[in-house]
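Scope of the values below: all heavy atoms of this structure, side chains included, with no hydrogens, waters or symmetry mates.
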Amino acid sequence: MDPLVELAIRTSFFAVVFAAMALWEIGAPRRALVAGRNRRWPNNLGILLIGVICVRVLIPTAAVGAALFAAGRGWGLFHVAGLRLSVATLLGFLVLDLVIYAQHVAFHKVPLLWRLHRMHHADLDIDVTTGGRFHPFEILISMLIKIATVVAFGIPVVAVVLFELVLNATSLFNHANVSMPSALDRILRLLVVTPDMHRVHHSILRHETDSNFGFNLPWWDRLFGTYRAAPEAGHDRITIGLPIFRDPSELRLDRLLTQPFRDDRAESDRSASGL
Ligand SMILES: [Zn+2]
Ligand SMILES: [Zn+2]
């Protein structure tokens with residue numbers, strides 16, 4: 001596929017899902033925002049744009065290029081095993097989702113990686129723009145892990161494109177500040193990570209932050225014992241964010257970029273007390 005056509009498809013898909021979630025948030029918000037949109041949206045979208053540009057410039061072929069490369073040489077487990085395309089696509093999708101789950105756990109457990117990832121958690125609200133608020137270094141590391149996975153397993157191009165489109169959409173959906181009937185949430189939660197499920201992950205309480213790592217399929221959290229059904233304080237009273245970076249100035253784009261390289265008192269206290 002022509003890279004420009006691929007970029008156009010991805011961008012329009014992102015824009016449609018983003019607009020749908022933004023309208024849903026305005027029409028039926030789940031919680032009142034603490035810091036609001038005006039302060040956060042330009043900065044959250046700005047850091048996403050920087051991350052996307054970094055990947056396009058530094059790794060232009062990205063994961064799709066890796067899939068084409070592996071397919072051309074017959075590399076990877078699925079090629080060696082001679083799997084049919086449909087089976088390799090399904091398995092490839094599941095493998096990528098599991099790897100993204102494992103990578104997310106690693107970004108919480110490894111101190112250096114947590115420095116990069118905590119910027120995602122330092123947002124004082126959680127809404128559709130939080131779904132794209134990742135440090136460019138985290139996006140680059142994530143892309144390298146995805147490329148290694150695609151080559152090792154020989155994941156087909158169609159699975160990679162499908163997975164990336166679905167993951168973009170589910171990340172916007174599960175961060176959205178949208179309300180829905182609890183019965184619908186319960187049913188959806190069997191198939192996909194819902195906003196009420198992922199909101200627990202953005203709690204200020206560390207044991208809640210370290211739960212519900214899934215971004216797309218909700219099964220890995222249940223399988224590996226990291227699932228938490230609801231926040232202790234309830235969705236209306238949960239405090240979003242981290243003990244550090246709570247000053248509203250930390251919502252600015254320049255502060256987001258430098259957060260991995262800075263500490264404030266609360267973080268030093270947390271490390272000192274071993275929390
Ligand atoms: Zn996280
Ligand atoms: Zn999140």
Side-chain angles (χ1 to χ4, degrees), residues 29-48 51 101 103-139 141-142 171 174-177 193 195-215 221 225-275:
R30 180 72 164 92
R31 319 168 69 241
L33 297 180
V34 176
R37 292 193 186 91
N38 295 350
R39 255 204 157 107
R40 298 172 41 258
W41 279 35
N43 301 300
N44 286 359
L45 293 174
I47 198 135
L48 171 64
Y101 166 87
Q103 172 196 306
H104 192 180
V105 174
F107 267 93
H108 276 240
K109 305 287 179 203
V110 180
L112 267 177
L113 297 178
W114 171 246
R115 281 189 162 267
L116 296 177
H117 180 63
R118 67 185 181 183
M119 191 276 281
H120 175 68
H121 285 268
D123 201 349
L124 297 175
D125 284 309
I126 169 169
D127 69 11
V128 62
T129 61
T130 316
R133 183 183 142 132
F134 293 94
H135 198 279
F137 288 172
E138 175 171 357
I139 295 186
I141 292 172
S142 176
S171 185
N174 66 44
H175 285 90
N177 180 36
V193 175
D196 274 8
M197 183 175 161
H198 191 68
R199 193 174 301 106
V200 182
H201 186 74
H202 282 260
S203 161
I204 195 169
L205 303 175
R206 186 70 199 204
H207 60 281
E208 292 188 337
T209 315
D210 288 339
S211 69
N212 295 2
F213 291 99
F215 274 121
D221 281 300
T226 50
Y227 176 69
R228 207 174 269 274
E232 284 162 14
H235 286 288
D236 293 324
R237 295 220 304 241
I238 182 177
T239 302
I240 300 297
L242 298 174
I244 51 165
F245 304 137
R246 297 204 67 79
D247 191 285
S249 67
E250 292 293 346
L251 298 166
R252 266 187 0 231
L253 184 55
D254 59 317
R255 306 294 287 173
L256 301 186
L257 284 166
T258 56
Q259 275 179 11
F261 316 104
R262 290 188 284 115
D263 280 321
D264 70 9
R265 251 186 75 79
E267 178 78 348
S268 336
D269 291 350
R270 190 175 75 81
S271 316
S273 63
L275 284 172

> Which residues pass the salt bridge (Lys or Arg N to Asp or Glu O under 4.0 Å) test with Asp247, sequence neighbours left out?
Replying inline: none
> For the residue pair Thr226 and Asp221, what are the closest heavy atoms and their distance?
Replying inline: OG1-OD1, 2.5 Å
>> Applying salt bridge (Lys or Arg N to Asp or Glu O under 4.0 Å), can you list everything that pairs with Asp127, at least two apart in sequence or on another chain?
In response: Arg40
>> Is the ring pair Phe134/His117 parallel, tilted or perpendicular, if the boundaries are 30 and 60 degrees?
In response: parallel
> Rounded to the nearest 0.5 Å, how far apart are CG of Leu48 and CG of Asn43?
Replying inline: 12.5 Å
> After noting the C-alpha distance and the side-chain angles of Phe245 and His121, does the key distance pass the ring pair (Phe, Tyr, Trp, His ring centres under 6.0 Å) rule?
Replying inline: CA-CA 10 Å; Phe245 304 137; His121 285 268; over 10 Å; no
> Hey, mind stepping through Ile126 and Arg30 against side chain to side chain contact (heavy atoms under 4.5 Å, CB included) and telling me if it holds?
Replying inline: CA-CA 10 Å; Ile126 169 169; Arg30 180 72 164 92; over 6 Å; no
> Closest approach of Ile238 and Ser203, non-hydrogen atoms and distance?
Replying inline: CD1-CB, 3.7 Å
>> Hydrogens and angles aside, do Asp123 and Asn44 bring a side-chain donor and acceptor to less than 3.5 Å of each other?
In response: yes
> Could you walk me through whether Asn177 and Leu33 pass the side chain to side chain contact (heavy atoms under 4.5 Å, CB included) check?
Replying inline: CA-CA 9 Å; Asn177 180 36; Leu33 297 180; 3.7 Å; yes
> Are any of the side-chain heavy atoms of Lys109 and Asp210 separated by less than 4.5 Å?
Replying inline: yes
>> Check whether Thr129 reaches the backbone of Leu45 with its side chain - one donor and one acceptor, N or O, closer than 3.5 Å.
In response: no
> Aromatic rings His108 and His201: how do their planes relate, parallel, tilted or perpendicular, breaks at 30° and 60°?
Replying inline: tilted
> Can you tell me how far CG of Leu116 sits from OG of Ser142, rounded to the nearest 0.5 angstrom?
Replying inline: 11.5 Å
>> Can you see whether His175 engages His120 through a side-chain donor-acceptor pair at a distance of less than 3.5 angstrom?
In response: yes
> Do the rings of Phe261 and Phe137 sit parallel, tilted or perpendicular, given the 30° and 60° boundaries?
Replying inline: perpendicular
> If you take all heavy atoms of Ile240 and Arg31, which pair is closest and at what distance?
Replying inline: CG1-NH1, 3.7 Å
> Roughly how far apart are Arg255 CZ and Met119 CE, rounded to 0.5 Å?
Replying inline: 13.0 Å
>> Between the side chains of Arg118 and Asp263, is the shortest nitrogen-to-carboxylate-oxygen separation below 4.0 Å, so that they form an ion pair?
In response: yes
> In chain order, what residues pass the salt bridge (Lys or Arg N to Asp or Glu O under 4.0 Å) check against Arg262, with sequence neighbours excluded?
Replying inline: Glu250
>> I'd like to check the ring-ring contact (aromatic ring centres under 6.0 Å, His included) partners of Tyr227; sequence neighbours left out, ordered by chain and number.
In response: none
>> Minimum heavy-atom separation for Tyr101 and Gly214, please, with both atom names.
In response: CD1-N, 3.9 Å
>> Could you check whether any side-chain heavy atom of Leu256 comes within less than 4.5 Å of a side-chain heavy atom of Gln259, counting everything from C-beta outward?
In response: yes
>> In the structure I gave you, are the side-chain heavy atoms of Leu124 and Leu251 within less than 4.5 Å of one another anywhere?
In response: yes
> Between Glu208 and Ala230, which heavy-atom pair has the shortest distance, and what is it?
Replying inline: OE2-O, 4.4 Å
>> I need the full list of side chain to side chain donor-acceptor pair (under 3.5 Å) pairs touching residues 228-237, with sequence neighbours left out, sorted by first then second residue.
In response: Arg199-His235, His207-Glu232
>> Rounded to the nearest 0.5 Å, what separates atom CD in Glu138 from atom CH2 in Trp114?
In response: 10.0 Å
> Looking only at heavy atoms, what is the nearest atom pair of Ile47 and Leu253, with distance?
Replying inline: N-CD1, 3.5 Å
> Between OG1 of Thr239 and NE2 of His202, what distance do you get to the nearest 0.5 Å?
Replying inline: 14.5 Å
>> According to salt bridge (Lys or Arg N to Asp or Glu O under 4.0 Å), who are the partners of Arg252, at least two apart in sequence or on a separate chain?
In response: Asp254
